Protein chains: 2
Amino acid sequence: MRSLGQTLKDSRELMSLTLRQVEEATGISNAYLSQLENNKIKKPSANILYKLASIYNVELNNLLAAAGIIQESQDAKNKLFNNAALSAQQLSAEEERALLTYLKVLRQQNG
Amino acid sequence: MRSLGQTLKDSRELMSLTLRQVEEATGISNAYLSQLENNKIKKPSANILYKLASIYNVELNNLLAAAGIIQESQDAKNKLFNNAALSAQQLSAEEERALLTYLKVLRQQNG
DNA sequence: GGAAATTGCTAAATAAAACAAGCTTTTCTA
DNA sequence: TAGAAAAGCTTGTTTTATTTAGCAATTTCC
């Protein structure tokens, strides 16, 4: 798996940007950018990753995957798995009623 | 917009978990979880957010949005599908995932 | 009722991220 | 080719995240 540093460096070079140009655009110091590209930073903030994903026009998920935080295309797999999993459940009447109540709460919270 | 802290607290209470249970499950100290829920932390690492999204069965994007890092996307809400067990409902992928987890908790509590 | 857990929380300590200054190397140009 | 300018990088410092230890308020259990 391509490291986060390599991914960032490749992205930057692809756009022919210097560290100081990226600093100018994102507010992230060139010193820190260098450390990121050389894998000196283990757990950057989501904030930093988002800014870099934006300027390099890559998906945030790509950077999260490169940083080893999520599995690549994990979302799709999880959705399929969960769909199948819930469909396969044999629900008692009581369980189904509980789930429907819970769903109501859920939707009330999320809008 | 609901704050990250409120989002995390709601999610945890919805599953009837204590701070120490979440600590046990994620490795994140209960003290830090408390600070997160009370909005004392401005820029948590992507790692932390991912772990919490996983245990609470919410989309990482939801937490990122609550943290003000990204804009909330409508995509997840628009993805609908039919489910056999709750045939009357049109569940989003996220909702079904939440229901599945809730069902696990339910069955664990009742034996 | 009261000891004993259990809960959420805070302050202090530690670890790590992120920045500022400046050094080294490469690139450009006269 | 020298020397300036721009490049990436390193070191040291500041800031912030994260943990440890432990308190005060419930809750549980005898």
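These numbers come from a predicted model, not from an experiment. Numbers restart at 1 for each chain; the letters A, B, ... are given by sequence-line order, proteins then strands.
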### Message
Show the nearest heavy-atom pair for residues L33(A) and E23(A), with the distance to one decimal.
### Response
CD1-N, 3.7 Å

### Message
With a 4.5 Å cut-off on side-chain heavy atoms, are L63(A) and L52(A) touching?
### Response
yes

### Sidechain-backbone polar pair: N38(A) side chain, S34(A) backbone, donor-acceptor under 3.5 Å
yes

### Integer-rounded Å distance: dT10(C) C1' and N39(B) CG
16 Å

### Task
Mark yes or no for whether Q21(A), through its side chain, and T18(A), through its backbone, hold a donor-acceptor pair below 3.5 Å.
yes

### Query
So, is N30(B) close to the dC9(C) phosphate, meaning a side-chain N or O under 4.0 Å from OP1 or OP2?
no

### Query
When the distance from CD of Q35(B) to P of dA11(C) is rounded to whole Å, what number comes out?
10 Å

#### Entry: Members of residues 40-52 of chain A that approach DNA chain D, where some heavy atom sits under 4.0 Å away
K40(A)

### Message
Quick check: on DNA chain C, is the nucleotide nearest A31(A) upstream (toward 5') of the one nearest K9(B), or the reverse? Name the residue that is more 5'.
### Response
K9(B)

### Query
Taking R12(B) for the side chain and L17(B) for the main chain, is one N or O donor matched with an acceptor at less than 3.5 Å?
yes

### Query
Just how far, in rounded Å, is P of dG8(C) from CG of N38(B)?
11 Å

### Summary
Per the under-4.0 Å heavy-atom filter, residues of residues 12-26 of chain A near DNA chain D come out as R12(A), T18(A), L19(A), R20(A)

### Query
Do L14(A) and L4(A) sit in the same hydrophobic cluster, where Ile, Leu, Val, Met, Phe, Trp and Tyr count as joined when their side-chain heavy atoms come under 4.5 Å apart?
no

